[in-house]
Visitor: 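Following this message is one structure expressed as structure tokens.
Naming convention: chains lettered A, B, ... in sequence-line order (proteins, then strands); numbering from 1 in each chain. Just so it is clear, the values below take in all heavy atoms, side chains as well, and ignore hydrogens, waters and symmetry mates.
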2 protein chains.
Amino acid sequence: MAKSRSAPTLDDVAKMAGVSTATVSRCLNSPDRVVKATRERVQSAVDALGYTPNFAARVMAAKRSFTIGAIIPTMENAIFARGLQAFQEELHQRGYTLLVSSSAYKPEIEEEQIRTLIARGADGLLLIGHDRDPEIYDFLDQRNIPALVAWSYLPDSKLPSVGFDNRAAMFDLASHIIGLGHTRIGVISARVDGNDRARLRVQGIREAVADRGLQANNLTVIETSYEIENGAKAFSDLMNAATPPTAILCGNDVLAVGALRQAQKMGLDVPSDVSITGFDDIELARIVSPALTTVHVPHREMGHKAALQLIEMVENQTAGTGEQLATRIVNRPSLGKPASG
Amino acid sequence: MAKSRSAPTLDDVAKMAGVSTATVSRCLNSPDRVVKATRERVQSAVDALGYTPNFAARVMAAKRSFTIGAIIPTMENAIFARGLQAFQEELHQRGYTLLVSSSAYKPEIEEEQIRTLIARGADGLLLIGHDRDPEIYDFLDQRNIPALVAWSYLPDSKLPSVGFDNRAAMFDLASHIIGLGHTRIGVISARVDGNDRARLRVQGIREAVADRGLQANNLTVIETSYEIENGAKAFSDLMNAATPPTAILCGNDVLAVGALRQAQKMGLDVPSDVSITGFDDIELARIVSPALTTVHVPHREMGHKAALQLIEMVENQTAGTGEQLATRIVNRPSLGKPASG
DNA sequence: ATTTTTAATGTAAGCGCTTACAAATGACGT
DNA sequence: ACGTCATTTGTAAGCGCTTACATTAAAAAT
């Protein structure tokens with residue numbers, strides 16, 4: 001096994017360059033405060049030694065970590081992966097590193113992760129959605145840690161948010177579908193408990209139903225967890241009812257794809273026997289056949305803007321204004337008019 | 001804006017509990033070295049103050065960070081996202097935190113990320129694939145940082161690896177396809193430069209072709225980058241040749257899905273006009289129609305085992321033995337016998 | 001040429017924790 | 001009773017960096 005030579009320190013560099021540690025530190029952090037000749041001498045010592053600053057020491061002394069923490073429900077979901085990728089790219093661009101944890105959709109894990117990330121000196125936090133124990137907000141407040149919510153925009157929330165209006169997006173889609181003549185609506189939603197995004201989407205549908213004068217009993221909502229198979233199961237439950245829906249709105253594309261496959265398995269044609277719609281517009285939505293009508297969410301833009309906003313909050317001690325992003329309905333063949341009248 | 005009360009320190013706890021900082025530290029790190037009464041007194045002070053240890057200080061003093069760094073090409077690819085998720089879960093289980101960076105498939109970015117993660121005190125590193133500048137291996141060696149490679153198993157590599165034999169897996173698939181009677185083979189590969197996984201997959205195909213006595217000119221290989229559209233483009237290039245292939249092997253499922261869609265667009269039936277296969281067995285492979293014949297890779301198992309192995313290397317200063325995981329061919333309708341003779 | 005102002009560098013005090021070592025306490029054997 | 005040994009706790013020295021402040025050198029102003 002290789003002998004481990006421990007990493008060179010600031011002191012080593014200082015000695016080699018014949019200057020004080022303060023000067024070396026300045027060369028690294030504010031080069032303009034050091035005269036060119038010195039800077040070059042220091043630089044060559046750094047190169048010769050292969051010096052890399054020790055992060056922990058730097059954080060401790062500077063009380064800044066250039067680290068941003070993000071806690072997402074899961075990386076396995078393309079929507080988070082994509083937004084997070086854009087978020088990380090922008091962070092990296094601006095000299096920050098990303099610390100990621102996933103909470104597996106469990107509030108208590110999320111809370112623990114928040115504490116961990118803060119203890120690790122995260123300068124700011126990215127959180128998904130608004131629903132969480134108020135205690136957490138107090139904690140963030142008390143510690144004065146900038147935090148931003150993504151994937152859900154709410155104008156008057158505790159934390160500023162960069163995202164879209166889940167309720168309005170689903171309201172529009174549902175209105176459009178009802179406008180097509182559908183009168184019996186099925187909904188396959190993700191679990192709404194502790195998930196404002198899912199809850200608001202369902203609420204948008206309910207409001208559209210009321211708005212269009214449909215009876216509430218024409219609406220059936222099933223809640224299930226995030227897996228293709230659950231979408232399939234929910235679909236067959238919905239279609240086996242006495243008077244099955246003519247359109248099924250799914251809370252996300254993955255559930256919709258599950259429904260779609262189940263339709264095929266049951267010999268039902270989409271959209272002539274039943275229409276199916278998704279939400280998110282992930283790649284999958286374009287690729288299945290029939291392709292899914294869905295709501296397009298600008299995931300990359302969201303990640304990107306969230307990064308900019310959070311960095312702004314961290315660097316200038318500002319409160320963060322949040323930003324609402326537009327979504328749009330993407331019409332594809334999985335949605336049609338209901339059969340007959 | 002809330003007054004920022006700065007975080008309570010070990011000292012605060014010690015004072016409140018009427019003990020020394022050493023005792024508080026011991027309560028937290030090796031509780032059995034402290035008598036029960038004291039431990040309880042300290043614990044209540046911790047609770048009352050809402051104390052969380054400062055990570056940077058701890059790292060600096062203990063020279064251990066309980067952080068593992070991972071550098072993956074991109075989070076947007078389901079295969080990495082899934083493996084990484086499993087990796088993170090196992091890490092979390094064992095009290096480690098994951099620091100993630102993505103290199104966007106660029107070696108120079110990867111190198112920079114490696115240095116950054118090490119400077120941040122990562123106790124160990126997870127890297128994807130074996131191809132990289134030897135200098136990096138020297139650096140890792142010199143600093144004595146345990147590192148493990150995943151997604152590619154090689155018995156005699158610089159670093160231990162947990163993964164599968166890309167060459168053999170593709171050799172088997174190609175042999176199977178040739179055994180079905182295909183004689184003109186097209187390959188749509190990811191860029192092989194700096195990517196041993198892609199390179200070895202192509203090599204596996206070449207070896208199978210030679211092994212089965214096919215002329216090398218019956219094999220056409222196109223290299224392209226990772227996007228559905230590129231798979232489509234490569235497919236049409238391949239099929240517009242004078243004597244188009246009867247089977248097209250793709251280096252991954254995403255490229256294969258692109259090829260599949262292009263086939264539909266060109267009015268070609270799969271598999272009767274042309275067979276298409278993928279690699280990875282991501283969800284997409286099951287969902288497209290016809291479903292893709294592909295090579296199943298145990299991504300979650302890989303992430304899980306990589307975590308265990310890396311932790312073992314970190315905690316016991318061992319070299320790491322690596323582990324080869326099995327892949328298997330998943331037969332689905334996108335592969336058939338060639339038309340006519 | 002001398003004083004004032006400004007720029008460049010050095011000195012040294014922490015940042016919050018861990019841990020080697022020392023000290024104190026108590027249990028035990030003789 | 002005393003000394004021995006084990007257990008529990010305290011003391012204090014760093015870990016590698018940043019930065020307020022002191023010092024020195026150089027430039028500008030007189």
Visitor: Kindly give the atom pairs (protein nitrogen or oxygen, nucleotide nitrogen or oxygen) under 3.5 Å for nucleotides 24-28 of chain D.
Guide:
none

Visitor: Looking only at side-chain N and O atoms, does A:Gln85 offer a donor or acceptor that is under 3.5 Å from a partner on A:Glu89?
Guide: yes
Visitor: Just jot down the side-chain contact (heavy atoms from CB on, under 4.5 Å) partners of B:Ala78, sequence neighbours excluded, or say none.
Guide: B:Ile282
Visitor: Residues in salt bridge (charged side-chain N to carboxylate O under 4.0 Å, His left out) with B:Asp193, at least two apart?
Guide: none
Visitor: Under 3.5 Å, sequence neighbours excluded: what are the donor-acceptor pairs made by side chains of residues 66-75 of chain B?
Guide:
residue: B:Thr67; atom: OG1; partner: A:Arg120; partner atom: NH1; Å: 2.3
residue: B:Thr67; atom: OG1; partner: B:Ser65; partner atom: O; Å: 3.2
residue: B:Thr74; atom: OG1; partner: B:Glu76; partner atom: N; Å: 2.9

Visitor: A:Arg64: which residues meet the salt bridge (charged side-chain N to carboxylate O under 4.0 Å, His left out) condition with it, sequence neighbours left out?
Guide: A:Asp123
Visitor: Quick one: list whatever passes salt bridge (charged side-chain N to carboxylate O under 4.0 Å, His left out) with B:Asp133, sequence neighbours left out.
Guide: none
Visitor: Listed by chain and number, what are the side-chain contact (heavy atoms from CB on, under 4.5 Å) partners of A:Arg115, not counting sequence neighbours?
Guide: A:Glu111, A:Phe139
Visitor: With sequence neighbours excluded, what pairs up with B:Lys106 under the side-chain contact (heavy atoms from CB on, under 4.5 Å) test?
Guide: B:Ala104, B:Glu108, B:Ile109
Visitor: Which pairs pass side chain to side chain donor-acceptor pair (under 3.5 Å) with one or both residues in residues 24-42 of chain B, sequence neighbours excluded?
Guide: B:Ser25-B:Asn29, B:Asn29-B:Arg58
Visitor: Which parts of nucleotides 8-17 of chain C does protein reach within less than 4.0 Å, heavy atoms only, written one letter per nucleotide 5' to 3' as B for base, S for sugar-phosphate only and - for none?
Guide: SBBBB-BBBB
Visitor: Under the rule for salt bridge (charged side-chain N to carboxylate O under 4.0 Å, His left out), what residues qualify as partners of A:Glu301, not counting sequence neighbours?
Guide: A:Lys305
Visitor: How bent is the helix from C:dA1-D:dT30 to C:dT30-D:dA1, measuring the angle between the end axes built from five pairs each, rounded to 10°?
Guide: 40°
